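Just below is one structure, and these are the notes that go with it.
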Amino acid sequence: PYPALGYPLGYLEVWPKDQKPQHPVSTLNNLTGTIVANAAIVPAGTGGKITALANNDTNLVIDIDGYFAPAGPGGLSLYPVAPCRVLDTRQVGNRQPFSGLLSPPVDVVASPCGVPRAAQAYVFNATVVPVELGYLTLWPDGKPQPVVSTLNALDGWITSNMAIVPSTNGKVDAYASGITQLILDISSYFAP
């Protein structure tokens with residue numbers, strides 16, 4: 001068992017500013033008090049703002065990696081697909097966990113999932129099976145590595161999170177701050 005890094009957080013709730021929901025729902029739970037990441041799609045409220053409420057004291061970091069806009073020229077549509085495994089490092093190459101930059105990049109278009117080359121972003125469930133891992137980051141291949149995490153697994157437990165990852169060449173990059181296996185399952189993609 002890993003020691004808690006902070007205080008347990010029963011729940012964190014996020015909603016559009018000035019539009020508190022009648023029936024509160026949890027956006028994130030963190031009963032172990034470790035650092036966690038969670039993807040959430042939250043509509044913008046008054047002035048483009050959101051409101052966050054935690055049931056206990058916590059530190060909160062919000063990274064924005066995209067937005068939805070009204071339909072228009074150059075817009076993308078969401079296309080659901082049957083859930084499909086794009087990558088499982090436990091089943092490819094030397095079947096060993098990786099650390100640092102995953103090489104080669106994840107080739108989504110060449111996977112058995114039938115994602116068209118026209119896709120410009122992918123909706124994944126990213127799962128890590130860590131040996132020892134602080135965080136995992138996913139981003140478009142050929143772009144600089146961002147300074148944000150897609151998920152955190154400091155407690156050493158199998159952890160997953162949704163990730164919407166853009167791509168210009170059918171590939172995405174992955175970086176692990178420690179040693180882990182990575183599983184990427186796709187459920188939909190964005191394309192013209």
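Residue numbers count from 1 along this sequence. On a predicted model such as this, the values are computed, not experimentally measured, just so you know.
Trp15 has its side chain out of reach of Val25: every pair of non-hydrogen atoms, C-beta onward, lies at least 4.5 Å apart. Annotation: side chain of Leu102 is not in contact with side chain of Asp173 (no heavy-atom distance under 4.5 Å). When side chains are defined from C-beta on, Tyr122 does not count as touching Val86, because their heavy atoms never get closer than 4.5 Å. Contact check for Leu87 versus Val92: side-chain heavy atoms found under the 4.5 Å cut-off. Looking at Thr137 and Pro146, their side chains come closer than 4.5 Å, going by heavy atoms from C-beta outward. At a threshold of 4.5 Å between non-hydrogen side-chain atoms, the residues Val165 and Thr150 do not count as touching. In this structure the side chain of Asn30 never reaches within 4.5 angstrom of the side chain of Pro8, judged on heavy atoms. Taking the side chain as every heavy atom from C-beta outward, Ile62 and Ile50 approach each other to under 4.5 Å.
The backbone N or O of Trp157 lies less than 3.5 Å from a partner atom in the side chain of Asp155, making a donor-acceptor pair. Between the side chain of Asp63 and the backbone N or O of Val148 there is no donor-acceptor pair closer than 3.5 Å. A donor-acceptor contact shorter than 3.5 Å links the side chain of Thr180 to the backbone of Val129. Of the possible donor and acceptor atoms, one in the side chain of Gln181 sits under 3.5 Å from a partner among the backbone N and O of Arg95. Formation of a donor-acceptor pair under 3.5 Å by the Asn38 side chain with backbone atoms of Thr27 is found in this model. A distance-only check finds a donor-acceptor pair linking the side chain of Ser177 to the backbone of Gly134 [under 3.5 Å]. In terms of modelled atom types and a separation under 3.5 Å, the side chain of Ser77 and the main chain of Pro192 share no donor-acceptor contact.
Once rounded to the nearest 0.5 Å, the distance linking OG1 of Thr89 with CD1 of Ile183 reads 7.0 Å. Between atom CZ of residue Phe124 and atom CD1 of residue Ile186 there is a gap of 5.0 Å, rounded to the nearest 0.5 Å.
Note on Leu28 and Leu136: separate hydrophobic clusters, where clusters join Ile, Leu, Val, Met, Phe, Trp and Tyr whose side-chain heavy atoms are under 4.5 Å apart, directly or indirectly.
Counted by atom type alone, Thr159 and Asn161 present zero donor-acceptor pairs between their side chains at under 3.5 Å.
Sorted by first and then second residue, the side chain to side chain donor-acceptor pair (under 3.5 Å) pairs involving residues 182-192 (not counting sequence neighbours) are Arg85-Asp185.
Under a cut-off of 6.0 angstrom, the local environment of CD1 in Ile158 is sparse, with at most 12 non-hydrogen atoms contributed by other residues, nucleotides or ligands. Taking a 6.0 Å sphere around CD1 of Ile64, one finds it holds 12 or fewer heavy atoms contributed by other residues, nucleotides or ligands.
For Asn169, the side chain to side chain contact (heavy atoms under 4.5 Å, CB included) partners two or more places apart in sequence, or in a different chain, are Asp141, Ser167, Lys171.
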